[in-house]
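Everything below concerns the one structure shown next.
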There are 2 protein chains.
Amino acid sequence: MRIEDVARLAGVSPITVSRTINKSDQVVEETRRAVQKAIDRLGYIPNRLAGSLASTRTRVIGLVISTLYSNIFAITVRGMTDTLLTAGYQLSLGVSNDLLEVESAHVRSFLGQRVDGVCLVGGIHDRLVRRALLQSGVPVVEINNLVSDPIDMCVGYSNEEASFAMVRHLANCGYRRIGLVTAPTENNDRSQARRAGYRRALAQLGLPFADSLIGTAPYTVAQGARAFASILSLNPDLDALFLTQDNAAAGAILEAKRRGVRVPGDIGIAGFDDADIGQEMVPALTTVRTHHYEMGATAARMLLRRIDGGAPPHPVVDVGFEIIPRGSTRPPPA
Amino acid sequence: MRIEDVARLAGVSPITVSRTINKSDQVVEETRRAVQKAIDRLGYIPNRLAGSLASTRTRVIGLVISTLYSNIFAITVRGMTDTLLTAGYQLSLGVSNDLLEVESAHVRSFLGQRVDGVCLVGGIHDRLVRRALLQSGVPVVEINNLVSDPIDMCVGYSNEEASFAMVRHLANCGYRRIGLVTAPTENNDRSQARRAGYRRALAQLGLPFADSLIGTAPYTVAQGARAFASILSLNPDLDALFLTQDNAAAGAILEAKRRGVRVPGDIGIAGFDDADIGQEMVPALTTVRTHHYEMGATAARMLLRRIDGGAPPHPVVDVGFEIIPRGSTRPPPA
DNA sequence: AGGCAATGTGGTAGCGCTAGCATCGAGTCA
DNA sequence: TGACTCGATGCTAGCGCTACCACATTGCCT
């Protein structure tokens, strides 16, 4: 079924049908209704492959997130879709599972589909992907970190500063022997920055460091529990653990309970992202709040601005972060 | 940049470039290498809009999931992508947030993109979407439930039987006053089936029912905690609560702890899906295990089979479920 | 009345690719 | 040697739509 079939039934030319669908304000009400009736009668669905090929615009934005196992991206995705939908754009979603080559494949696929914009997490990408994005000229925005050398634009927060601030907060609460758990650092600049902020804080505060204080856990509760157990066994004098992902931090709280370790008395636990699970834990989780909805919405707006060809948005936007003290760490001295 | 530019640089015709990309076994090794070199030199990325328009195949499967807030779909998505990638297909992902009109929009968009297959969650869909899918002739598979009247094919498990089995298990453990929390039932046949199984079990076992025993909570820990609090306040004699989503059930365990209610002594708690958080809770969560990876992989295989035009797969596949008793419910009598 | 803008609609061409057949050259066999 | 096969490559047409310009109609001004 083609646009021509609709045109014939409605008694107009194909181009009028096209306008009714895409630019209905250019068609007089009566014509519009006749065409719409024909479309409904036939159950016609326009072929976007053909439409986009002819118009060289797809009204699709490609987003590659790193995982579906944590729900933090759910909020970012809502921020993006809420903004995009009102502008008549849609989101196409890819999941990389933190593998560079999977991200590459998604981006190449997006470029092959001729998406109008691309959104990626973090600043580390395959060299060829970077080149392909630059060469294609599509607007690109990197999120979840402040990227030093963005491909195009960037909106996020400083993971380094956030991590630094949390460690300083823990120290301020009286914790001295502070461990850190992040997602794997390979090809993950957010994890790298969080480790760097941690190291910088320890050095500046004169707190002890040892390799055994650092552990790795991806996105799940179970992995956080295991990381906690392992660091504690290597560091019997551990008195605080900062897990830079709330699910993992929740796992640590649960593991502590299982072992009869009191939180925050024996050991303080802190997380990152202010996921909903943190508030429900017993004790509630001290965490870093980041602004994912705003970040997603801003990323979408920046892409749209670039697409519309108006004034280029400021290329780097910092949405900030806040330390949220809760029951899983001791209160700071008054 | 077009296929012609690559062809010129490689000294062959455009069609040979096309074959190098899509059917490389039809091109002799020497030619193939020359073309590949030209592609790499230019950073050429084929325009899939044009390719798919000409070939009437996109090698894309559209999937609409209902939420990103629970990570249960992460596993299904992995099952699908693992299977699809090896066949050279990709997944395009939409999130409906359980809204029928959003699902509709995604499906219409998929059909507009001329995807080669569609996968939807559950069996309740917009009437026009059903019609559009049937009319388009694309293979469709519905997952996460055993759908009585599938659009095309279906792979899942019986939510009604699973819910029935869990309530019977709870009764067998000595619980009598059993409450239920599901996601909203509107347009959600999984929730409806879980309520039906619960009602059938209560009736068959001669256990008491009251409207106040039933609550609603979507996918988060916080919502589960609130639902638990509310049902408990309405039913002081409650002795077990079955929350048909593990995050929510985890929230109930945490809320019980906050209130000093002992689990499983005072109240038994059961969940659904066997998410990783359940095993880590203290006490660990009794749950219904379903087979999401297998379900996703099977759904993908069924679609591919239909696309290849071979023998049509059996239209309904039951991947089953198991009751997993853990510490959040009393052990059954020996 | 003639000119002119504003508005709505139509015709033509082409977006970049691949299906389907045509062609060409080299090897094979009687 | 000639007929034939087979594998590699090329040519033509067209996938379904929209950009671009042309054109018709209307209402308004001078």
Side-chain angles (χ1 to χ4, degrees), chain A residues 1-36 38-39 42-60 88 108-116 136-137 309, chain B residues 1-36 38-39 42-60 88 108-116 136-137 309:
Chain A
M1 183 184 324
R2 299 200 303 285
I3 206 171
E4 208 186 306
D5 303 314
V6 178
R8 201 175 314 116
L9 182 59
V12 297
S13 77
I15 191 70
T16 300
V17 176
S18 168
R19 276 197 275 256
T20 304
I21 294 166
N22 300 309
K23 313 171 173 181
S24 54
D25 57 330
Q26 289 183 22
V27 176
V28 85
E29 175 63 16
E30 191 191 337
T31 315
R32 211 191 55 66
R33 271 219 303 278
V35 170
Q36 192 56 56
I39 288 174
L42 294 173
Y44 169 71
I45 294 182
N47 186 327
R48 290 248 215 100
L49 299 171
S52 297
L53 180 61
S55 68
T56 67
R57 306 184 327 132
T58 50
R59 293 191 159 266
V60 173
R108 302 186 81 78
S109 161
F110 286 152
L111 291 176
Q113 287 171 55
R114 299 297 188 261
V115 294
D116 292 337
S136 74
Chain B
M1 184 183 326
R2 299 200 302 287
I3 205 169
E4 208 186 308
D5 303 313
V6 178
R8 200 175 315 117
L9 182 60
V12 297
S13 75
I15 190 69
T16 299
V17 177
S18 168
R19 276 196 276 255
T20 304
I21 294 166
N22 301 308
K23 313 169 172 181
S24 55
D25 57 329
Q26 288 184 23
V27 176
V28 84
E29 176 63 15
E30 192 192 337
T31 314
R32 208 189 56 67
R33 272 219 302 277
V35 171
Q36 191 57 55
I39 289 173
L42 294 174
Y44 169 71
I45 295 184
N47 187 326
R48 289 246 216 102
L49 299 171
S52 296
L53 180 63
S55 68
T56 67
R57 303 183 330 132
T58 52
R59 293 190 159 268
V60 172
R108 302 186 83 79
S109 161
F110 285 153
L111 291 176
Q113 286 171 56
R114 300 298 190 262
V115 296
D116 292 338
S136 74

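In what follows, chains are A, B, ... by sequence order, proteins preceding strands, each numbered from 1.
Using a 4.0 Å heavy-atom distance criterion, B:Thr31 is classed as a sugar-phosphate-only contact. Nucleic acid contact for B:Pro14: none, since no nucleic acid atom lies under 4.0 Å from a heavy atom of the residue. Backbone-only engagement by A:Ile3 is indicated by non-hydrogen atom pairs under 4.0 Å involving sugar-phosphate atoms exclusively. Base engagement by B:Arg19 is indicated by at least one non-hydrogen atom pair under 4.0 Å involving a base atom.
Under 4.0 angstrom from either OP1 or OP2 of C:dC17 there lies no side-chain N or O belonging to B:Ser18. The side chain of B:Ser52 places no N or O atom within less than 4.0 Å of a non-bridging phosphate oxygen (OP1 or OP2) of C:dC17. Contact annotation: B:Ser55 does not reach the phosphate of C:dT18 (side-chain N/O to OP1 or OP2, under 4.0 Å). Regarding contacts with the backbone of D:dG10, a side-chain N or O of B:Thr16 is found under 4.0 angstrom from either OP1 or OP2.
Closest to the A:Ser13 side chain, of the nucleotides C:dT18, C:dG10, C:dG8, is C:dG10. For A:Ile15, whose side chain is taken as the heavy atoms from C-beta onward, the closest listed nucleotide among D:dT9, C:dG16, D:dC20 is D:dC20. Side-chain atoms of A:Asn22 lie closest to D:dT18 of the nucleotides C:dG11, D:dT18, C:dG16. Closest to the side chain of A:Arg2, from the set D:dC17, C:dC17, D:dG10, is D:dC17.
Following rounding to the nearest Å, B:Arg114 (CZ) and D:dC15 (C1') show an atom-to-atom distance of 11 Å. A:Asn47 places its CG atom 12 Å from the C1' atom of D:dT18, with the value rounded to the nearest Å. What separates NZ of B:Lys23 from P of D:dT9 is a distance of 14 Å, to the nearest Å. For B:Asp5 and C:dG16, the CG to C1' distance is 11 Å, given to the nearest whole Å. Distance B:Leu49 CG to C:dG16 P: 10 Å, rounded to the nearest Å. Between B:Gln26 atom CD and D:dT9 atom P the separation is 10 Å, expressed in whole Å. Atom CG in B:Leu53 sits roughly 9 Å away from atom C1' in C:dG16 (whole-Å rounding). Taking atom CZ on B:Arg8 and atom P on D:dT9, their separation rounds to 19 Å, with Å as the unit.
In this structure, B:Arg59 CZ and A:Ser109 OG are separated by 13.0 Å, a value rounded to the nearest 0.5 Å. Summarising the geometry, atom OG belonging to A:Ser24 is positioned 9.0 Å from atom CD belonging to A:Glu29; distances are rounded to the nearest 0.5 Å.
Side-chain N or O atoms of A:Thr58 include one that pairs as donor or acceptor with a backbone N or O of A:Arg114 at under 3.5 Å.
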Side chains of residues 8-18 of chain A: which donor-acceptor pairs under 3.5 Å do they make with residues two or more places apart or in other chains?
{"residue": "A:Arg8", "atom": "NH2", "partner": "A:Glu4", "partner atom": "OE2", "Å": "3.4"}
{"residue": "A:Ser13", "atom": "OG", "partner": "A:Thr16", "partner atom": "OG1", "Å": "3.4"}

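Residues A:Arg19 and A:Val27 share a closest heavy-atom pair of CB-CG2, 3.7 Å.
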